[in-house]
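Per chain, numbering begins at 1; letters A, B, ... match sequence-line order.
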Amino acid sequence: MIDQALLEKLERLALHWNRSLPGSIGGRKTSRFPGPGQEFLDHRNFHHGDDLRSVNWRAYLRLDKLFLKMFQIEPRLPVRFLLDVSGSMSTGSPAKIEYAKRLTAALCYIGLVRLDAICIQPFRESLIESLLCGGGRHRFQPAANFLSSFQAEGRTSYLQVARQFASLYPQRGLLVVISDFLDDEDASRPLQYLAEFGHELLLLHIIAPEDRQPQWDGDMELVDSESGRHLELSLDQNARHAYTQAWDAHARRLQDLANRNGGKYVAVPTDTQIEEAIFGPLVQSGGLQ
Amino acid sequence: MFLLNLTAVEFLAIFTALSGIVVGLYLLNRSRKKQVVSTLRFWTAAQQSIATRQRRRIQQPLSLLLQLLSLLLLLLALAQLRFGSRENSSRDHVLLLDTSSWMAARSAQKTLLAEKTLLDDAKAKARAYLKALPSTDRVMLIRSRHSPVRHYVERDRDRCSVPSISRVPEPLPSICSRPSPSLTNPSQVSNPGEIVYIGTGRPDPATQLQKPCESCP
């Protein structure tokens, strides 16, 4: 799925998130939240129920007041890849699903090298079978095999997926959504729901060239790849321009949503090489360092 | 201006029929191209922008016109368009029939009734040639003798000149290797056509074949 030369280049990258989220120990980014760590952070007043082992007894002897020591932690956050494998991802040349799978595999490898806890969660109309992996680059091959097994089929329902995701994964973390965000309903509300739940969003918008700027002309019968609905149109330059404007408005809404909630939005055209996409827009957006 | 092979009515009828087929195929070939897309959401905005415009009947009129024009030119070529009047458009042909003694040889074709000679074959070929000519053309039949004998063949539209050819006598001593100057003088021919020779092509070995005239091609 990914050649060895690219894997070697990916080892110097790391997934980046801005928020300080609580998590278990073993991570690599310092959190502003205190926890059971090794490096001293600060003191606070002792409250009923606090752990007595964390009381600074020297300060108590001097001041006759109980103070609790707080320590800095580097939480190990879960990194979850929400991969769209619905029917709309089958369009394009190359198909968007193939590009999305390769991109997911590359990001998964980056997380595994940094010992992040990776969860690959494909979805269509609902969440389907997921894969948990972590603990080093030697766990990459099972993840790649898992990604290769999926085909683009079925319909999409972001609202249902968001509800299921929030109930299935209560722990907040970095949520990387890899999709074309082409739902019959608006995808903004479910994504806003996930952002308000506490996840940090990294939206990777997979774009086929004909998704934004179709080059078709004349009398066309358009068929929806998911629902199978037909639409008869006579296309000309004005019609294509109106379509592109509507599509751009949709992309802007997604970008505004990500920025508004402290996340990131990256548009990834499928005619861009994976390496260029990772070392270009993804690194520039701050999603990778 | 007139058409050699068709009448005006026939030409118009054929052109109308073929044009109708071409235009019908052109209009019927309007099947919409099918294209699978990721979503139809954004196409509704495009649909609104084109809702007021009617679907054009013919999208590439120039292509249709060029097809009809090429069809017209092809039909004109088949009908053999001629300028001038039909009465002045006939051509004069010369049919040179070899009646030398070579033609008494037995023919390779055999019939049940009698053995055929080369002269019989030549006559049959001459009749076939006369049948193929347009009815307005004139033919001068020349029987090759020591001095050639000329016959102007009167051709009816429905009959070829069977009597003229049938009256050709049996083979004579030799073919005339020096045709008469008046026969081959192009200035005597109003509208030159073809010179057709039917025979064995074996002159007297003692004589030399000469070019019919200096100005002949």
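Remark: the backbone N or O of A:Leu182 is not paired with any side-chain donor or acceptor of B:Thr39 at under 3.5 angstrom. For the pair B:Lys33 (side chain) and A:Asp217 (backbone), a donor-acceptor distance under 3.5 Å is present.
With a 4.5 angstrom heavy-atom cutoff, A:Glu210 does not touch chain B via any of its atoms. Interface remark: A:Asp224 contributes backbone and side-chain atoms alike to the contact with chain B (heavy atom separation under 4.5 Å).
Atom NZ of B:Lys34 and atom CD of A:Glu221 lie 5.0 Å apart (nearest 0.5 Å). From A:Leu231, atom CG reaches atom CG of B:Leu40 across 5.5 Å, with rounding to the nearest 0.5 Å. We find the CG-CD distance between A:Leu233 and B:Gln35 to be 12.0 Å, quoted to the nearest 0.5 Å.
Between A:Thr91 and B:Ser38, the side chains place a donor N or O and an acceptor N or O closer than 3.5 Å (distance only, hydrogens not considered).
Counting only residues at least two apart or on different chains, the salt bridge (Lys or Arg N to Asp or Glu O under 4.0 Å) pairs with a member in residues 258-277 of chain A are A:Lys9-A:Glu275, A:Glu200-A:Lys264.
Within the 4.5 Å cutoff, the side chain of A:Pro214 has heavy atoms near those of the B:Trp43 side chain. Residues B:Val37 and A:Trp216 have side chains in contact (heavy-atom distance under 4.5 Å, counting atoms from C-beta outward).
Among residues two or more places apart in sequence or in another chain, the side chain to side chain contact (heavy atoms under 4.5 Å, CB included) test is passed with B:Gln67 by B:Val22, B:Tyr26, B:Ser63.
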